[in-house]
Amino acid sequence: MRITIDDLRVFVAVCQAGNLSAVARDLARTQPAVSQHVKRLEHATGVRLIERGPAGVTPTPEGLVLLTAARDGILGLDQALARLADMARGHTGTVCVTTGATTIRNLMSDAVIEFRQRFPRATLEFRTIISSRRCFEALTDGAVDLAWVSIGDAIAGVEQRPVMALPWVLAVREDDPLTQRHPITAADLAEIRHIRLPDNAVSRIQLDTALNALGIQLKPETGVADWNTAVLLAELGIGHAIVPALPYHSAADRPMRFKPLPFLPPLTVGWAVRRWESLSPLARDFANLVEQQCRNLHDRKG
């Protein structure tokens, strides 16, 4: 009995949903029809692939082996088909990127404009995903093409490409006494009212690791989801923000100072993708344009 792509797609959907009825509804099929796909796979492989229980269905150890291979194979095939479609249509299609407004404004704005000029028939779609873990899940699920992330530990099924290193700075109001200290030392940080990023953010983890190595325990004032919000709260006098060195904007009546923190290792940022070789030409072109903009920014600072 031959295994079909449809069998594998249904099997992956069943494992992810954990419920045959839900998959049947999503695919507009009957539950027996969905079950038949799984049975064909079990007959072809000679092993049981799912276990049925009161809470739904779960893959067996053998099923997990097939699930991993099937999910990777289907996603790779879908990406290849999308790439071929882009080539056939002459650079039309969509590039889906997950990143935040801070990155788009400071590191991608020129690339977005140039991409639009080069490929007027293409679409750029941006999605905001705060958690690094969710960014990686979106990549492995095929929901996005590219993710701009803080580069961290290796992640199974994801390739990370460092693009630039951002020094850390301390964001303080102009009227804050810390602005008079030249330079800011590690000991000075023990006094700040820290505006912290989410626990699961790679940048937060790396910052905490560096501070812990210096024996510094920060006093948290409040929590935020992104660097721009941290700078805004510092501007309002809520606390102090340790953020990567980017051209943040502040109100004229509440000017900010960004004090270098050279004793902290820079934050490396860049692209994460599922596989570079499977990216569509459009996605690859956009990634390259962003990297060029980052090189230009680095050269200007140098």
Side-chain angles (χ1 to χ4, degrees), residues 1-98 121-123 125 127 129 133-147 154-160 272-284 287:
M1 184 179 294
R2 292 182 178 179
I3 295 177
T4 68
I5 292 294
D6 200 31
D7 291 334
L8 295 173
R9 287 187 187 277
V10 172
F11 173 69
V12 170
V14 167
C15 291
Q16 290 177 335
N19 187 289
L20 293 171
S21 299
V23 174
R25 287 194 302 271
D26 291 344
L27 300 180
R29 305 183 189 186
T30 65
Q31 183 171 328
V34 170
S35 182
Q36 189 60 37
H37 284 286
V38 178
K39 289 180 179 178
R40 273 202 298 268
L41 287 173
E42 291 181 329
H43 180 74
T45 59
V47 295
R48 178 176 292 182
L49 298 174
I50 62 171
E51 295 282 1
R52 293 172 172 82
V57 298
T58 57
T60 64
E62 295 84 357
L64 287 173
V65 172
L66 181 61
L67 173 62
T68 300
R71 186 166 49 197
D72 289 349
I74 290 170
L75 182 56
L77 177 60
D78 287 344
Q79 290 176 333
L81 292 173
R83 181 175 178 179
L84 291 173
D86 283 346
M87 295 170 70
R89 290 192 297 263
H91 289 303
T92 64
T94 299
V95 178
C96 190
V97 183
T98 176
R121 298 170 60 196
T123 300
E125 180 179 326
R127 298 184 186 179
I129 301 177
R133 178 180 60 82
R134 286 292 302 123
C135 285
F136 295 137
E137 289 177 355
L139 285 171
T140 56
D141 291 343
V144 297
D145 303 300
L146 296 157
I155 303 295
V158 173
E159 296 179 12
Q160 300 181 66
V273 301
R274 190 174 178 277
R275 288 196 186 97
W276 284 103
E277 64 268 20
S278 64
L279 278 179
S280 70
L282 283 174
R284 192 183 299 274

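Gln31 and Ser21 share a donor-acceptor pair across their side chains, judged by distance under 3.5 Å alone. Side chains of His43 and Arg40: no donor on one and acceptor on the other come within 3.5 Å.
Closest non-hydrogen pair, Leu146 versus Ala287, comes out as CD2-CB, 4.1 Å. Here the shortest heavy-atom pairing between Arg52 and Ser35 reads NH2-OG, 3.3 Å. The nearest pair of heavy atoms linking Ala44 to Ile3 is CB-CG1, 3.8 Å. Closest non-hydrogen pair, Glu277 versus Glu159, comes out as OE1-OE2, 4.1 Å. Asp6 approaches His37 most closely through the heavy-atom pair OD2-CE1, 3.3 Å. The shortest non-hydrogen separation linking Arg127 to Cys96 is NE-SG, 3.3 Å.
The pair Arg2-Asp7 does not meet the salt-bridge criterion, since no charged nitrogen lies less than 4.0 angstrom from a carboxylate oxygen. With salt bridges taken as basic N to acidic carboxylate O contacts below 4.0 Å, one links Glu137 and Arg134.
Residues Val95 and Thr123 form no side-chain contact, since every pair of their non-hydrogen atoms from C-beta on lies 4.5 Å or further apart. Side-chain contact check for Leu41 versus Val10: every heavy-atom pair is 4.5 Å or farther apart. Using a 4.5 Å heavy-atom cutoff, the side chains of Arg274 and Leu75 are in contact. At a threshold of 4.5 Å between non-hydrogen side-chain atoms, the residues Val23 and Arg29 do not count as touching. Residues Leu8 and Ile74 are in side-chain contact: their nearest non-hydrogen atoms beyond the backbone lie under 4.5 Å apart. Looking only at side-chain heavy atoms (C-beta outward), Thr94 and Asp145 stay at 4.5 Å or farther from each other.
Taking CD1 of Ile50 as the start and CG of Leu66 as the end, the distance is 11.5 Å to the nearest 0.5 Å. If you take CZ on Arg9 and CG on Leu27, they are separated by 10.5 Å, rounding to the nearest 0.5 Å.
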(message) Please evaluate residues Thr60 and Val47 with respect to the criterion side-chain contact (heavy atoms from CB on, under 4.5 Å), reporting the C-alpha separation (whole Å), side-chain torsions for both, the decisive distance (0.1 Å), and the verdict.
(response) CA-CA 9 Å; Thr60 64; Val47 295; over 6 Å; no
(message) Does Leu67 form a side-chain contact (heavy atoms from CB on, under 4.5 Å) with Val12? I'd like the steps, not just the answer.
(response) CA-CA 6 Å; Leu67 173 62; Val12 170; 4.0 Å; yes
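Looking at Glu42, its side chain does come within 3.5 Å of a backbone N or O of Leu49 through a donor-acceptor pair.
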